[in-house]
Amino acid sequence: MLRQQDVGHRIVVRRIVGIREGRPQFSDALGELVELSETHLTLATAQGPLRVPVAQVHRAKRVPPTRRPTAAAVVALERAADEAWPAPTRGRLGDWLLRSAEGWTGRANSALPIGDPDRPLAAAVDAVERWYAELGQPALINTPLPLAAPVGAELDARGWGTRPPTLVQTAPLPLPAPTPAGGQADGWGSAVVELATAPSDEWLAIAAGRKGGLPDAARHVLTAVDQVRFAHVYADNALVAVGRATVTGQGRWLGLSLIEVLPAARRQGLARRVIHELASWGVSAGATHAFLQVEQRNTAAVALYQRLGLATHHTYLTRVAPN
């Protein structure tokens, strides 16, 4: 049977899906084990997340990974992502990063446990809890998998909760041109994507609506990057789509974030156009690869990114300290 050490690894699960003529019927599922509890296990599969009650598991085992990135590659990308979303309040535990941004987004308000914390693991988690308690914030830890699986096991033992899995997706640059499915022209083909070095007030209002407010720390997260662009798309003098891109990781990584199209303008290809223009800027700035972070349950966004050639590099779980 599976153990906590298997979290973050590729597994195959044979589960009971029914009974026919008195005999159990089975179905197999293959994916990355992202959560394991006494009652359920959750896999990140090619078709999306799959939550399986332990009572339905007939057999499960770890299987060899397919082209898994090295630990060094995961660390480098996580560092680049941190540079692209910089929390204004920061601390360190050896190599571990501690980050706070007035509670604005999990990424900017969580510890990143990669590298050596310069102390035993249990003591490192204790220190994380104290650091956030002194700020009056709940303690969060982002655990890239399987790199931080030992940290995850320690947090399981302490009763920490788990938010939905996040996919860190990557693709080489340049990205393919934004041709809609079926070769049909975009209904908004004449819309112009404008790139600026600072967000407009309307851009910030859309970000605030998506992220639940915009404290001063959020403005730091959005703008305190040397190489950053903000995409604006207007229709009838109204802002209908936005996006943000950064170049970090010693100039290698284009980071895409806050790709948002207002409801009235969706399904017209605007998200693809925004991403393409930001990616073109990244190429001109010298970036060779793009990355973004998306919740696995956001199936519409995941499907869009797959059409643009993005594939999952690794996943992470945001862990939440118990009250």
Side-chain angles (χ1 to χ4, degrees), residues 4-9 32 34-36 68-168 170 217-218 220-221 224-225 246 248-250 252-253 255 257 291 293 295 313-323:
Q4 289 298 329
Q5 294 93 316
D6 297 311
V7 173
H9 292 272
E32 181 178 315
V34 296
E35 184 180 13
L36 178 63
R68 182 181 296 281
T70 65
V74 173
V75 169
L77 181 47
E78 286 290 335
R79 297 286 190 200
D82 174 67
E83 293 173 29
W85 201 254
T89 302
R90 305 173 71 85
R92 296 191 76 97
L93 292 176
D95 296 327
W96 287 21
L97 301 178
L98 306 174
R99 306 172 293 190
S100 173
E102 299 179 38
W104 195 74
T105 76
R107 275 181 283 170
N109 291 273
S110 57
L112 182 60
I114 54 177
D116 183 358
D118 283 345
R119 65 203 72 195
L121 178 55
V125 176
D126 290 341
V128 170
E129 292 176 339
R130 288 195 301 271
W131 193 83
Y132 284 101
E134 290 171 1
L135 293 174
Q137 292 184 215
L140 305 177
I141 297 181
N142 274 5
T143 55
L145 299 173
L147 184 68
V151 179
E154 172 69 21
L155 301 181
D156 289 337
R158 293 171 179 244
W160 282 51
T162 304
R163 291 183 179 175
T166 296
L167 309 179
V168 182
T170 63
H220 178 96
V221 171
V225 182
T246 57
T248 59
Q250 299 181 329
R252 179 188 180 191
W253 286 104
S257 59
F291 81 89
Q293 298 168 328
E295 282 194 1
H313 184 273
H314 64 277
T315 63
Y316 72 75
L317 296 176
T318 299
R319 306 299 305 270
V320 184
N323 295 328

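Hydrogens, waters and symmetry mates are skipped; everything else that's a heavy atom, side chains included, is used.
- Taking the side chain as every heavy atom from C-beta outward, Leu147 and Pro113 never approach each other to under 4.5 Å.
- Considering only heavy atoms from C-beta on, Thr143 stays 4.5 Å or farther from Trp160 through its side chain.
- Taking each heavy atom of Tyr316 and Asn142 in turn, the nearest pair found is CE1-ND2, 3.5 Å.
- Expressed to the nearest 0.5 Å, how far CZ of Arg319 lies from OG of Ser110 amounts to 13.0 Å.
- Judged by distance alone, the side chain of Glu83 and the main-chain N or O of Val225 form no donor-acceptor pair under 3.5 Å.
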Run the numbers on Asp95 and Ile114 for side-chain contact (heavy atoms from CB on, under 4.5 Å), then give the verdict.
CA-CA 7 Å; Asp95 296 327; Ile114 54 177; over 6 Å; no

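- Between the side chain of Arg99 and the backbone N or O of Ala87, no donor-acceptor pair lies under 3.5 Å.
- With respect to the salt-bridge test (charged N to carboxylate O, under 4.0 angstrom), the residues Asp126 and Arg119 do not qualify.
- Between the side chain of Tyr132 and the backbone N or O of Ser100 there is no donor-acceptor pair closer than 3.5 Å.
- In this structure the side chain of Arg90 never reaches within 4.5 angstrom of the side chain of Leu98, judged on heavy atoms.
- Counting heavy atoms from C-beta on, the side chains of Val221 and Arg107 never come closer than 4.5 Å.
- Panel note: side chain Arg158, backbone Ala122; a donor-acceptor pair is recorded below 3.5 Å.
- Panel note: side chain Asn109, backbone Ala101; a donor-acceptor pair is recorded below 3.5 Å.
- To the nearest 0.5 Å, atoms CD (Glu35) and OG1 (Thr162) are separated by 4.5 Å.
- Looking at Thr248, its side chain does come within 3.5 Å of a backbone N or O of Ala80 through a donor-acceptor pair.
- Thr166 places none of its side-chain heavy atoms less than 4.5 Å from the side chain of Leu317.
- Counting only heavy atoms from C-beta outward, the side chains of Leu77 and Trp253 approach each other to under 4.5 Å.
- The two residues Ala111 and Val128 have their closest heavy-atom pair at CB-CG1, 4.1 Å.
- Between Leu140 and Arg163, some side-chain heavy-atom pair lies under the 4.5 Å cut-off.
- Ring to ring, Trp85 and Trp104 are close: their centroids are under 6.0 angstrom apart.
- Heavy atoms only, all atoms of each residue included: Val74 and Pro69 are closest at CG2-CG, 3.9 Å.
- Scanning both residues, Trp96 and Leu121, for their nearest heavy atoms gives CH2-CD1, 3.8 Å.
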Mind running side-chain contact (heavy atoms from CB on, under 4.5 Å) on Gln293 and Leu167 for me, showing each step along the way?
CA-CA 6 Å; Gln293 298 168 328; Leu167 309 179; over 6 Å; no

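- Here Leu36 contributes atom CG and Asp156 contributes atom CG; the two are 8.0 Å apart, rounded to the nearest 0.5 Å.
- At least one side-chain heavy atom of His314 sits under 4.5 Å from a side-chain heavy atom of Glu78.
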